[in-house]
Amino acid sequence: MQQPHDLPAPAHGARIPLPAPRRLPERHSVRGQVHGELRAALLAGELPPGSVHSAPALAARYGVSATPVREAMQLLAQEGAVEVLPNRGFRVVPHTPADLAQIAEVRMLVEIPVVLALARTLPAARWAQLHPLADAAEAAARAGDRAGYAEADRAFHRALLRHHGNARLLGVADDLHRRAQWPCPGPRPALTAHAAHHAELLTALAEGTDPEPLLRAHLAACP
């Protein structure tokens, strides 16, 4: 009798049959929804820096079980938004202006050389494709939607850097961008002023003028 390990190997390039699909647990989609809601609450200041929250209390707030809340908070811990307090819950990490200045410095080291390289190679028409994203960010800023603006701003930068074609760089830049958006004491730039940078940057890139001063100012003042 032929044993499984004696079966002939599939021919080169042949399709290997996949196992039957299984239904994924719905808690993963709930986790994603809770993660989005918690992130928006953090950005809006509803969960202020230094405050401590238990998973059951947050679960009651959103009408879900504690498990997806714990999973969502673990993701936020990886993003530097909260820290785990054993047997207590999660504490919202206080950030300082110095923290954000350091993040901005690293973002400049990552993003500015990429954008300058792209400015020398991409045609003006490619930059025009990013105007809808700039418009979406401006709309969120006018509405005073801080969480919505944070997502729109990140979407613009992802689309901008995606032209470089380096997925690892894109992941690093996106993680830094998330960390730059967490609230901290002190004044933050107005959303509308920050949003205006997007269209100005696209104009500079399309016209062939130096985008570095504007991009540097934009990264230094993340709202």
Side-chain angles (χ1 to χ4, degrees), residues 15-93 95 103 107 129-130 132-163 165-183 191 195 198 222-223:
R15 292 181 179 273
I16 302 174
L18 296 174
R22 62 183 180 88
R23 184 178 179 83
L24 295 177
E26 294 183 0
R27 67 184 177 88
H28 290 297
S29 62
V30 175
R31 178 188 64 187
Q33 294 172 25
V34 173
H35 177 257
E37 290 294 331
L38 288 172
R39 190 168 196 278
L42 288 163
L43 291 169
E46 296 172 10
L47 304 177
S51 60
V52 176
H53 307 273
S54 69
L58 292 171
R61 170 177 175 164
Y62 295 112
V64 298
S65 69
T67 297
V69 172
R70 290 191 182 94
E71 294 172 343
M73 292 299 269
Q74 291 288 350
L75 292 176
L76 290 168
Q78 294 173 16
E79 297 169 12
V82 302
E83 61 181 350
V84 179
L85 300 179
N87 303 318
R88 291 184 60 195
F90 303 87
R91 175 175 176 264
V92 180
V93 175
H95 294 90
I103 294 171
R107 290 187 69 198
Q129 296 172 1
L130 299 184
L133 293 174
D135 294 341
E138 185 178 359
R142 287 199 307 267
D145 181 0
R146 186 165 294 276
Y149 179 75
E151 292 302 314
D153 185 36
R154 283 178 48 239
F156 177 87
H157 282 264
R158 282 197 304 270
L160 180 68
L161 298 176
R162 192 174 288 120
H163 287 301
N166 188 326
R168 289 177 175 81
L169 181 144
L170 190 62
V172 169
D174 195 53
D175 178 66
L176 289 169
H177 199 160
R178 281 184 182 275
R179 295 172 186 272
Q181 293 171 330
W182 299 128
L191 293 182
H198 297 134
C222 190

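Residues: numbered from 1 along the sequence shown.
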message: Determine whether H177 and D153 satisfy the following criterion, side-chain contact (heavy atoms from CB on, under 4.5 Å), listing intermediate values before the conclusion.
response: CA-CA 9 Å; H177 199 160; D153 185 36; 2.9 Å; yes
Please list every donor-acceptor pair under 3.5 Å in which a side-chain atom of residues 40-64 meets a protein atom from a residue at least two apart or in another chain.
| from | atom 1 | to | atom 2 | distance (Å) |
| --- | --- | --- | --- | --- |
| E46 | OE1 | R61 | NH2 | 2.7 |
| S51 | OG | P48 | O | 2.5 |
| S51 | OG | H53 | NE2 | 2.7 |
| S54 | OG | A57 | N | 3.2 |

Reported CZ-to-SG distance for the pair R154 and C222, which is rounded to 0.5 angstrom: 10.5 Å
field: side-chain contact (heavy atoms from CB on, under 4.5 Å) partners for R146, two or more places apart
entry: L191, P223
task: Check step by step if side-chain contact (heavy atoms from CB on, under 4.5 Å) holds for M73 and R31.
output: CA-CA 9 Å; M73 292 299 269; R31 178 188 64 187; over 6 Å; no
Which pairs of donor and acceptor atoms, one on a side chain in residues 74-87, lie under 3.5 Å apart (sequence neighbours left out)?
| from | atom 1 | to | atom 2 | distance (Å) |
| --- | --- | --- | --- | --- |
| E79 | OE2 | H35 | NE2 | 3.1 |
| E83 | OE2 | R91 | NH1 | 2.5 |

statement: Rounding to 0.5 Å, atoms CZ (R158) and CD (E151) come to a distance of 7.0 Å
- request: If the plane angle is over 60° it's perpendicular, under 30° parallel, otherwise tilted; pick one for F156 and H198.
  value: tilted
- prompt: How about P68 and Q33: do any of their side-chain heavy atoms sit closer than 4.5 Å?
  reply: no
- prompt: What are the two closest non-hydrogen atoms of H95 and V93, and how far apart are they?
  reply: ND1-O, 3.1 Å
Inter-residue atom distance D174.CG - L169.CG, 0.5 Å rounding: 11.0 Å
- prompt: For the atom pair CZ (R39) and CZ (R178), what is the distance rounded to the nearest 0.5 Å?
  reply: 4.5 Å
